Amino acid sequence: MASIELSLSSKEDKITHRSEVLIRFVPFRGANLRVKSGMFIAPKHFRYFINFNKTIAKGIVAPEKTVSVSKEEAQKKGYEIKSYGEIVVTERISSSEVEHSKKQKKNIDELLAMIMSEFSKAHKDDVNAVWLDKIVNHYHHPTKQPSKLEKRGRRCKSIYDLAEEYLEKKRFSYDHTKAFRVLVRDLARYEAFKNKVLREKFAWNIDKITKKDIEDFENYLRNEKTLSEKYPKQFESIYEQYPVEINVVHTFTKLQNRGENTIVKLKKKFKAFMQWLYETERTSNRPFDGIKIGTEKYGVPFYLTKEERNLLAEADISALW
């Protein structure tokens with residue numbers, strides 16, 4: 001029988017002092033799926049289930065009615081606890097933090113119900129980490145009501161719609177899917193930068209992307225961190241207003257300088273995506289023709305001989321410390 005467990009991330013936001021609720025879904029034997037919920041609560045509102053067998057083995061008897069406790073209470077009374085638990089908000093006096101946790105608990109309950117509902121309709125072979133991640137994304141970003149043009153089937157899909165379709169068709173691994181979504185967010189930030197900072201009217205159009213656009217995008221990737229520091233207010237708006245087609249669940253992390261290998265990987269993913277659009281006749285445009293992707297470069301491994309290994313193993317290096 002399928003089961004769901006909740007746990008709390010050990011990382012705590014330095015500003016809100018909240019931690020993210022994590023989900024572990026076990027649909028059937030041999031499958032252990034994990035996903036971030038995208039919802040955060042105060043750690044004091046998360047209680048861990050008591051491990052009664054281990055607690056009794058220590059000679060401690062926990063009241064049967066007490067199912068879960070806080071970490072502090074468990075430590076104080078000597079209870080052994082499990083790694084998962086439940087959200088419990090018991091405060092009678094209302095506050096912004098209490099109301100937030102209550103709302104998040106309600107949202108979590110709705111998400112878990114959605115997961116079980118989708119699981120009841122899914123084929124066993126389709127239930128994997130990517131499937132679970134899509135459900136969470138869909139919960140946070142439900143499909144919009146179609147416009148009149150959409151109902152008539154005449155809507156022109158954006159590059160972000162096509163990116164989701166690409167992921168749906170290709171059925172990549174969980175890690176590859178996450179990496180591709182990084183590229184999609186990069187594309188969105190570049191588009192927003194052109195419009196909000198450079199005041200240029202720009203939108204990614206798969207039929208009109210040029211070699212120059214790709215080269216300019218690559219230059220942006222190399223300098224995005226510097227640009228974000230130069231235009232902090234504009235980038236704050238960019239972070240908060242991703243296109244609605246993009247599944248943004250996780251909180252933003254500070255931009256870092258990209259190395260050459262990272263740039264190459266992003267270009268490879270972008271090229272593969274454009275090639276798929278061309279091969280599936282979604283476009284006749286081939287903007288990567290003539291563009292050198294480059295190759296990832298790593299250090300050359302150095303191997304010790306057996307004799308050198310033995311000398312190191314037998315050497316007295318205590319003086320170095």
Side-chain angles (χ1 to χ4, degrees), residues 1-12 18-41 43 45-55 57 67-69 71 74 80-88 104-143 161 163-185 245-251 253 265 269 272-273 276:
M1 183 177 177
S3 64
I4 299 180
E5 297 172 356
L6 299 180
S7 60
L8 200 63
S9 171
S10 59
K11 295 180 181 179
E12 187 175 301
R18 297 167 182 164
S19 298
E20 187 169 15
V21 178
L22 309 177
I23 298 173
R24 176 176 179 260
F25 179 49
V26 182
F28 37 76
R29 182 176 294 181
N32 186 5
L33 312 180
R34 299 177 185 273
V35 70
K36 295 179 179 180
S37 70
M39 302 179 206
F40 296 75
I41 63 167
H45 291 145
F46 192 86
R47 297 167 66 88
Y48 295 84
F49 292 130
I50 298 173
N51 189 322
F52 285 97
N53 291 334
K54 288 187 176 181
T55 299
V67 178
S68 60
V69 293
K71 281 189 174 181
E80 290 293 323
I81 55 175
K82 298 182 179 180
S83 60
Y84 54 94
E86 59 183 344
I87 301 171
V88 179
Q104 293 295 72
K105 182 181 186 308
K106 179 177 178 293
N107 292 342
I108 285 287
D109 290 341
E110 290 177 351
L111 175 57
L112 300 187
M114 178 184 287
I115 292 172
M116 295 304 291
S117 175
E118 291 299 317
F119 175 65
S120 67
K121 298 181 288 186
H123 188 279
K124 181 178 180 180
D125 294 340
D126 294 330
V127 179
N128 51 34
V130 175
W131 171 87
L132 183 58
D133 193 49
K134 285 181 179 179
I135 294 175
V136 176
N137 285 328
H138 180 69
Y139 177 82
H140 287 279
H141 304 279
T143 306
D161 285 318
E164 286 300 313
E165 190 173 333
Y166 175 62
L167 291 174
E168 178 70 28
K169 299 291 184 182
K170 299 297 285 187
R171 300 173 67 85
F172 292 122
S173 68
Y174 178 68
D175 289 337
H176 190 93
T177 297
K178 287 182 66 176
F180 182 77
R181 290 193 190 282
V182 170
L183 168 65
V184 175
R185 292 194 293 273
E245 302 96 324
I246 295 181
N247 291 314
V248 181
V249 173
H250 309 306
T251 55
T253 54
K265 289 177 182 177
K269 288 179 175 60
F273 174 48
W276 177 80

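Since the model is a prediction, treat every value here as computed from it, not as a measurement.
Nearest heavy-atom pair across Phe46 and Ser7 is CZ-CA, 3.6 Å. Across all non-hydrogen atoms, the minimal contact from Ile50 to Lys82 is O-CE, 4.0 Å. Of all heavy-atom pairs spanning Ile41 and Leu8, the tightest one is CG1-CD1, 4.0 Å. Contact record, Lys11 with Ser19: O-OG, 3.0 Å, taken as the closest heavy-atom pair. For the residue pair Arg18 and Phe40, the shortest heavy atom distance occurs at CB-CB, 3.9 Å. Between Val26 and Ala31, the shortest heavy-atom distance links the atoms CG1-O, 3.3 Å.
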> Is there a side chain to side chain contact (heavy atoms under 4.5 Å, CB included) between Ile23 and Ile4 once you walk through the steps?
Replying inline: CA-CA 7 Å; Ile23 298 173; Ile4 299 180; 3.9 Å; yes

> Run the side chain to side chain contact (heavy atoms under 4.5 Å, CB included) check on Ile108 and Leu6 step by step: do they pass?
Replying inline: CA-CA 9 Å; Ile108 285 287; Leu6 299 180; 3.8 Å; yes

>> Leu167 vs Arg181, test: side chain to side chain contact (heavy atoms under 4.5 Å, CB included). Steps then yes/no.
In response: CA-CA 9 Å; Leu167 291 174; Arg181 290 193 190 282; 3.8 Å; yes

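Within the 4.5 Å cutoff, the side chain of Tyr48 has no heavy atoms near those of the Ser68 side chain. Between Leu111 and Ile115, some side-chain heavy-atom pair lies under the 4.5 Å cut-off. Between His140 and Met39, the closest side-chain pair of non-hydrogen atoms falls below 4.5 Å. Within the 4.5 Å cutoff, the side chain of Tyr139 has heavy atoms near those of the Asn107 side chain. At least one side-chain heavy atom of Val130 sits under 4.5 Å from a side-chain heavy atom of Thr177. Between Asn128 and Tyr174 there is no side-chain heavy-atom pair separated by less than 4.5 Å. In this structure the side chain of Glu164 never reaches within 4.5 angstrom of the side chain of Glu168, judged on heavy atoms. When side chains are defined from C-beta on, Arg24 does not count as touching Leu33, because their heavy atoms never get closer than 4.5 Å.
Between Phe180 and the options Phe273, Trp276, Phe172, a ring-ring contact (aromatic ring centres under 6.0 Å, His included) holds for only Phe273.
Interatomic distance, CE of Met116 versus CD1 of Ile135, reported as 10.5 Å (0.5 Å rounding).
Among residues two or more places apart in sequence or in another chain, the side-chain hydrogen bond (donor to acceptor under 3.5 Å, both in side chains) test is passed with Glu165 by Lys157, Arg282. Looking at residues two or more places apart in sequence or on another chain, you find no side-chain hydrogen bond (donor to acceptor under 3.5 Å, both in side chains) involving Lys269. For the side chain to side chain contact (heavy atoms under 4.5 Å, CB included) test, residues two or more places apart in sequence or in another chain that qualify with Ala122 are Val127, Trp131.
Ring planes of Phe49 and Tyr84: perpendicular class, angle over 60° (limits at 30 and 60°).
A salt bridge links Asp126 with Arg171: at least one charged nitrogen is closer than 4.0 Å to a carboxylate oxygen. Using a 4.0 Å cut-off between charged side-chain N and carboxylate O, Lys105 and Glu86 make no salt bridge.
Other residues, nucleotides and ligands contribute at most 12 non-hydrogen atoms within 6.0 Å of the NZ atom of Lys71.
Residues Glu80 and Thr55 bring no donor and acceptor atom of their side chains to less than 3.5 Å of each other.
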